[in-house]
Engineer: 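Pasting a structure below so you can have a look.
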There are 2 protein chains.
Amino acid sequence: MSNERKQQIIKAANQSFATFGYKATTMDHVAKAANVGKGTIYNFFKNKEQLFQEIISNLLLEMKTQAESVIDDQKPLKENVHLALYELLQYRRSHQLTIQMVQEAKEMGTAAVQEALANVEGLITAYLREKIEQAIERGDIRPCHPEMTAFMMFKLYTAFIIDWEERHQPLEKEEIMHLFDEYVFKGLSPS
Amino acid sequence: MSNERKQQIIKAANQSFATFGYKATTMDHVAKAANVGKGTIYNFFKNKEQLFQEIISNLLLEMKTQAESVIDDQKPLKENVHLALYELLQYRRSHQLTIQMVQEAKEMGTAAVQEALANVEGLITAYLREKIEQAIERGDIRPCHPEMTAFMMFKLYTAFIIDWEERHQPLEKEEIMHLFDEYVFKGLSPS
DNA sequence: AAGATGACCAAATGAACGATTTAGTCATTT
DNA sequence: AAATGACTAAATCGTTCATTTGGTCATCTT
């Protein structure tokens, strides 16, 4: 069983999912694009959904790596939170696969895709929770419920970036940072 | 043109929309339930959508009245915000028409219904914006962007009430109030 | 013997078509 | 003048059959 062949399948599927979406991607097409027999795919993956899930796992790993690349644990939490959220949400908005997923979930409600998006959201909030916990240990912020705070940060950030923009002029990075300063980090400052 | 007849139509339609949703409600059915000929409906309303919009207008009025009934302008903003948001979102969750609308928008994406829900959201944030503006004038809170602050309050509140609940134990009223105190009102306190 | 292939097939999906329903109109009735 | 419900173009729905799809496995290849 060749690892090279497996990677060819993953690459072909990734491209197909990104171009056509999950639902409209056929295993026949993936096989042809990967230059393998269709049955070969099932040597490596149980089914279509598992193939997709492996690709999403890789995506999550990549996103996490990307976030880590802009984060500096020597910097204050507020700055890192903003950098991470900005980076992760920009990633989501600029990669064809995630763009397709958001659209497909909205227009077709494909279950596998909705689950994948939930995993993306889960990664982001888990990442934030981790940074919040570190900041609590260092005494940089007051003790709080890390998971709730991470959840809240994520929801607020996406509300600013996506929902606000539906009806208003888009907010600048600095404006969002300022709002986070005033409301979130002021509320988190040690007493 | 009898006003009584108009009210009968509105009442029948209200019940039908609440029971069957917008899309599955037929004008024939509304006419029969209202004891009028189908053509009579069009004496009062241009079309099905306008009938629906009038019903939504009434709903918005009722929601606003409901909010006013629990608000006391002598109380501090933080308390009134919580009372209003709680009341309005509970209203939404406990009235069959709004329950149907939320479901239909989600499952079918009916345009008229999605617009109506956007109007409900608009009412809530406009209401909050008004209270925030009053509080600024009174010097109870620091000057801020009222519309943005109202938007943020609404998004946060729904995130706590709806999104958090998808994966966690529901939050108690007091917990939400406490979170609002720390993250919203602390940031709004006059310097 | 191990790995790869693609023909095969049950199930799912999509296209076509005709039956039925629906929103809106308006000639007729009250 | 107001109300009615038959009418109709358009939309929707149900049925049927053709086509496609995901997964399987007998066969082929190495």
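Computed from a prediction, not measured in an experiment: that's the story for all the values here. Residue numbers start from 1 in every chain, and the chains themselves are labelled A, B, ... in the order their sequence lines are given, proteins ahead of strands.
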Engineer: Please state how far atom CE in Met108(A) lies from atom P in dG14(C), giving the value in whole angstrom units.
Structural biologist: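 Going from CE in Met108(A) over to P in dG14(C) covers 9 Å.
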Engineer: Output the rounded distance in Å from NZ (Lys32(A)) to C1' (dT21(D)).
Structural biologist: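 Taking NZ of Lys32(A) and C1' of dT21(D), I get 12 Å after rounding.
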Engineer: Is any NZ, NE, NH1 or NH2 atom of the basic residue among Glu133(A) and Arg129(A) found under 4.0 Å from an Asp or Glu carboxylate oxygen of the other?
Structural biologist: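 Yes, Glu133(A) and Arg129(A) are salt-bridged.
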Engineer: Quick check: Tyr183(B) with Tyr183(A) (ring centres under 6.0 Å apart)?
Structural biologist: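 Between Tyr183(B) and Tyr183(A), which both carry aromatic rings, the centre distance is not below 6.0 Å.
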Engineer: Sugar-phosphate means primed atoms, P, OP1 and OP2; the rest is base. With that split, encode nucleotides 21-26 of chain C 5' to 3' as B, S or - using protein heavy atoms under 4.0 Å.
Structural biologist: -SBBB-
Engineer: Does the pair His95(A) and Glu62(A) meet the rule for a side chain to side chain donor-acceptor pair (under 3.5 Å), with working shown?
Structural biologist: CA-CA 12 Å; His95(A) 284 71; Glu62(A) 202 173 301; 4.6 Å; no
Engineer: With a distance cut-off below 6.0 Å to the six-membered ring centre and an angular limit of 45° from the axis, does Arg5(A) pair with Phe45(A) as a cation-pi contact?
Structural biologist: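 Verdict for Phe45(A): no cation-pi partner in Arg5(A).
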Engineer: Output the rounded distance in Å from NE2 (His29(A)) to P (dG6(C)).
Structural biologist: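 Value for this atom pair: 16 Å.
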Engineer: Expressed in angstrom and rounded to an integer, what is the separation of Phe17(A) atom CZ from dG22(D) atom C1'?
Structural biologist: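 It works out to 12 Å between those atoms.
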Engineer: Does dT5(C) have OP1 or OP2 under 4.0 Å away from a side-chain N or O of Arg5(A)?
Structural biologist: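 Affirmative; the distance criterion is met.
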Engineer: Starting at CD1 of Ile41(B) and ending at P of dG5(D), how long is that distance when rounded to a whole Å?
Structural biologist: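 Going from CD1 in Ile41(B) over to P in dG5(D) covers 12 Å.
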Engineer: From CD of Glu4(B) over to P of dA3(D), roughly how many Å is that when rounded to an integer?
Structural biologist: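 Taking CD of Glu4(B) and P of dA3(D), I get 11 Å after rounding.
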Engineer: Working note: Lys64(A) + Leu60(A), criterion side-chain contact (heavy atoms from CB on, under 4.5 Å); need CA distance, chi angles, decisive distance, verdict.
Structural biologist: CA-CA 6 Å; Lys64(A) 190 165 185 182; Leu60(A) 293 178; over 6 Å; no
Engineer: Write down the distance between CG (Asn35(B)) and P (dA2(D)), rounded to a whole number of angstrom.
Structural biologist: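 Answer to the nearest Å: 20 Å.
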Engineer: Does NZ or CZ of Lys131(A) come closer than 6.0 Å to the centre of the six-membered ring of Tyr127(A), within 45° of the ring's axis?
Structural biologist: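 Judged by the rule, Lys131(A) and Tyr127(A) form a cation-pi pair.
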